Amino acid sequence: MIEVKGLKISYGSADQRVVAVDGVEFSVDQGASLGLLGPSGCGKTTLLFALAGLITPNEGSLSINGEKVVGIRRDVALILQNAGLLPWKTVWGNANLSLKLSGRYPAENAAAVLEELGLAEFRERFPSELSEGMKRRVGIARALAITPSVMLMDEPLASLDAITQERIQNLFLELWQERRFTMVFVTHDIEEAAFLGEEIIVLSERPARIKTIVENPQMGSLDYRGTSEFYRIVTHLRRVMEE
Amino acid sequence: MKRSLYTVLSIAGLLLAWWIFSLILEIVRGVVIIPNPWQALAEVGRNVNEISRHLYASAIRLVTSMVIAFLTAVPLGLIIGYERQFDRLVTPLIYITYPIPQVVFLPVLFIIFGLGDAVRITVISLALFFQVLISARGAAKGVTQEDLASVLSAGANRFQVYWHLILPASLPAILTSMRVSIGLGMALLFLSETAPLRTLHGLGSFIAAHLAFRRDIAFAGVVTMAFLGLMLYILLDVIERVVCRWRYVKRRDRPQWPLRLKMAKIREWISKKFSSS
């Protein structure tokens with residue numbers, strides 16, 4: 001369970017203060033999925049980084065599973081835009097990074113995840129030798145390797161071609177249903193939000209404030225994209241975003 | 001195979017240019033001013049035992065200085081580049097001390113500490129130190145927020161940030177600065193070996209000893225110095241290929257533009273530019 005109350009985050013020096021997130025409140029149940037949908041540069045990444053413990057908020061509180069977020073947590077995985085792979089580490093080195101740095105988890109985890117995502121034969125490759133879609137999968141493998149209870153994702157599918165994007169969205173949906181982690185993802189893509197979010201929070205331009213919360217209870221199947229409910233949600237989200 | 005052929009060709013070209021230059025000088029001035037390459041190479045062969053002793057002494061000095069510069073400048077440069085407050089404190093100091101030519105310390109240090117190798121190595125390493133320090137600092141500053149978020153979210157502590165992110169991200173620039181400083185290192189090596197002692201082992205003193213009366217032998221020393229430099233470049237290339245292996249793999253994430261296509265595009269752009277005006 002994730003709880004966010006009265007969150008306010010600003011950065012910059014005193015005379016040039018930029019408010020990125022202003023008074024955001026929401027909660028996500030264990031195993032649920034929440035999409036944070038907003039225009040580019042609205043402060044949604046800042047919000048996600050605060051959840052990951054990378055940024056300390058100025059006001060308000062953040063808690064995960066009843067504990068206040070004060071730093072990086074071992075049960076929270078973060079998938080970054082462009083996968084966040086280190087170019088000098090191989091697929092194996094990248095997938096195993098979180099485990100290696102903490103020294104707490106067995107290395108078999110990363111091996112099993114690579115196997116599951118069909119990356120086992122590319123273990124010794126470097127990221128520059130992979131296609132964009134494969135890079136994203138390595139990023140996912142790194143996150144899954146720590147068997148997280150919360151998965152945070154920052155525009156995980158930005159700048160992918162449409163087919164690869166859909167494939168990886170499907171992969172996310174399947175992994176989420178299989179492993180029952182809590183999923184919070186940030187996106188500017190309306191259809192992605194409608195496909196992956198059980199609940200979708202629409203954020204305003206900077207500073208990010210909550211415009212509306214849209215329930216999306218019928219999501220959860222791979223053919224949801226073809227249904228009229230999906231179109232209804234997408235149309236509704238688009239209207240709210242344009243307001 | 002192809003690469004080594006090009007190396008041979010370029011060395012042959014250099015020798016040819018040297019030969020022509022020495023011929024022109026001889027014709028214009030009527031006396032031999034610099035020996036031609038074949039004379040110099042012959043002297044290398046004739047004095048091979050003596051020269052290799054001098055080469056060994058010089059190589060040890062230069063390599064030791066490079067290793068000392070690397071081991072001191074890299075950690076400091078990376079820390080200055082990454083820790084902002086430390087940067088503000090130390091960088092003004094670097095900018096004040098860096099422009100001082102380190103070679104001015106040579107006579108002073110010789111007077112204080114005697115004519116030993118410690119002084120030579122100190123002065124050479126000091127000069128190289130600044131070159132490497134400044135590039136390491138710049139490279140560490142260039143580390144992106146995305147990469148930082150990536151290792152921090154993986155749970156990295158401060159040491160791990162340096163080891164897994166800042167050092168590997170900066171290594172290519174550091175190795176380039178090491179290559180650039182070979183030239184400077186050579187110049188200081190020469191100066192430090194020539195100035196006070198003629199009986200010293202080292203290519204500098206060997207060259208200086210023969211420069212007045214046997215320029216062909218002196219140039220044999222120059223050739224040997226060039227050889228030492230080439231070996232160091234090759235060594236650094238090999239090191240880079242090992243420690244930065246990721247930079248030498250075949251990229252798949254960007255379109256590969258054939259060079260000829262690029263040139264055709266540039267030509268097209270130029271012709272358009274001129275035809276329109």
Side-chain angles (χ1 to χ4, degrees), chain A residues 45-46 48-49 51-55 71-91 93-105 110 122 124-136 138-139 142-143 145-146 148 152-155 159, chain B residues 74 78 81-82 84-85 87-88 135-136 139-176 236-257:
Chain A
T45 298
T46 309
L48 201 74
F49 277 17
L51 273 173
L54 288 170
I55 295 176
I72 309 297
R73 289 174 59 100
R74 293 274 147 230
D75 55 346
V76 176
L78 176 65
I79 297 182
L80 291 159
Q81 214 166 345
N82 300 319
L85 303 184
L86 301 174
W88 43 85
K89 289 196 184 287
T90 58
V91 166
N94 272 294
N96 196 38
L97 184 67
S98 305
L99 303 182
K100 189 176 176 181
L101 293 184
S102 66
R104 286 192 207 171
Y105 303 82
F122 302 105
E124 300 307 319
R125 295 273 179 90
F126 288 100
S128 61
E129 296 175 278
L130 305 177
S131 68
E132 279 304 317
M134 276 163 80
K135 280 191 207 170
R136 307 301 163 107
V138 177
R142 187 185 120 179
I146 65 167
L152 304 173
M153 309 191 290
D154 181 19
E155 309 248 7
S159 71
Chain B
V74 170
L78 296 183
Y82 180 60
R84 219 177 276 176
Q85 279 173 326
D87 182 33
R88 289 199 192 115
S135 6
K141 271 189 182 300
V143 164
T144 62
Q145 290 298 311
E146 288 79 34
D147 284 345
L148 193 58
S150 172
V151 288
L152 285 178
S153 71
N157 61 31
R158 193 163 279 223
F159 173 76
Q160 288 169 326
V161 169
Y162 279 101
W163 185 250
H164 292 278
L165 173 65
I166 297 175
L167 177 65
S170 309
L171 262 181
I174 291 168
L175 288 171
T176 301
L236 284 172
D237 272 357
V238 170
I239 290 174
E240 178 159 11
R241 277 182 179 271
V242 173
V243 297
C244 306
R245 193 162 61 88
W246 58 280
R247 298 187 79 210
Y248 294 91
V249 294
K250 207 171 171 188
R251 298 194 75 100
R252 234 192 252 180
D253 56 346
R254 312 190 169 157
Q256 302 267 331
W257 287 89

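Everything numeric here is computed off the predicted structure, so don't read it as measured data. Just so we're on the same page: letters track the sequence lines, and every chain starts at 1.
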Which atom names give the shortest non-hydrogen contact between A/P87 and B/W246, and what distance separates them? O-CB, 3.3 Å
B/L171, part contacting chain A, at a heavy-atom distance under 4.5 Å: neither
Can you name the closest pair of heavy atoms from A/L97 and B/V151 and give their distance? CD2-CG1, 4.2 Å
Side chain, backbone, both or neither of A/L85 within contact of chain B (heavy atoms, under 4.5 Å): backbone
Can you tell which of A/N82, A/L78, A/V76, A/D154 has the highest number of heavy-atom pairs within less than 4.5 Å of chain B? A/L78
Here the pair of heavy atoms bringing A/L86 nearest to B/S150 is CD2-OG, 4.5 Å
Looking at CG of A/L54 and CD of B/Q145, how far apart are the two atoms once the value is rounded to the nearest 0.5 Å? 10.5 Å
For the residue pair A/L101 and B/A156, what are the closest heavy atoms and their distance? CD1-CB, 3.6 Å
Between NZ of A/K89 and NE2 of B/H164, what distance do you get to the nearest 0.5 Å? 5.0 Å
Between B/S153, B/A154, B/A149, which shows the greatest number of heavy-atom pairs under 4.5 Å with chain A? B/A154
Value for CH2 (A/W88) from CG (B/D147), rounded to nearest 0.5 Å, stands at 5.0 Å
Proximal component of A/R73, with respect to chain B [non-hydrogen, under 4.5 Å]: neither
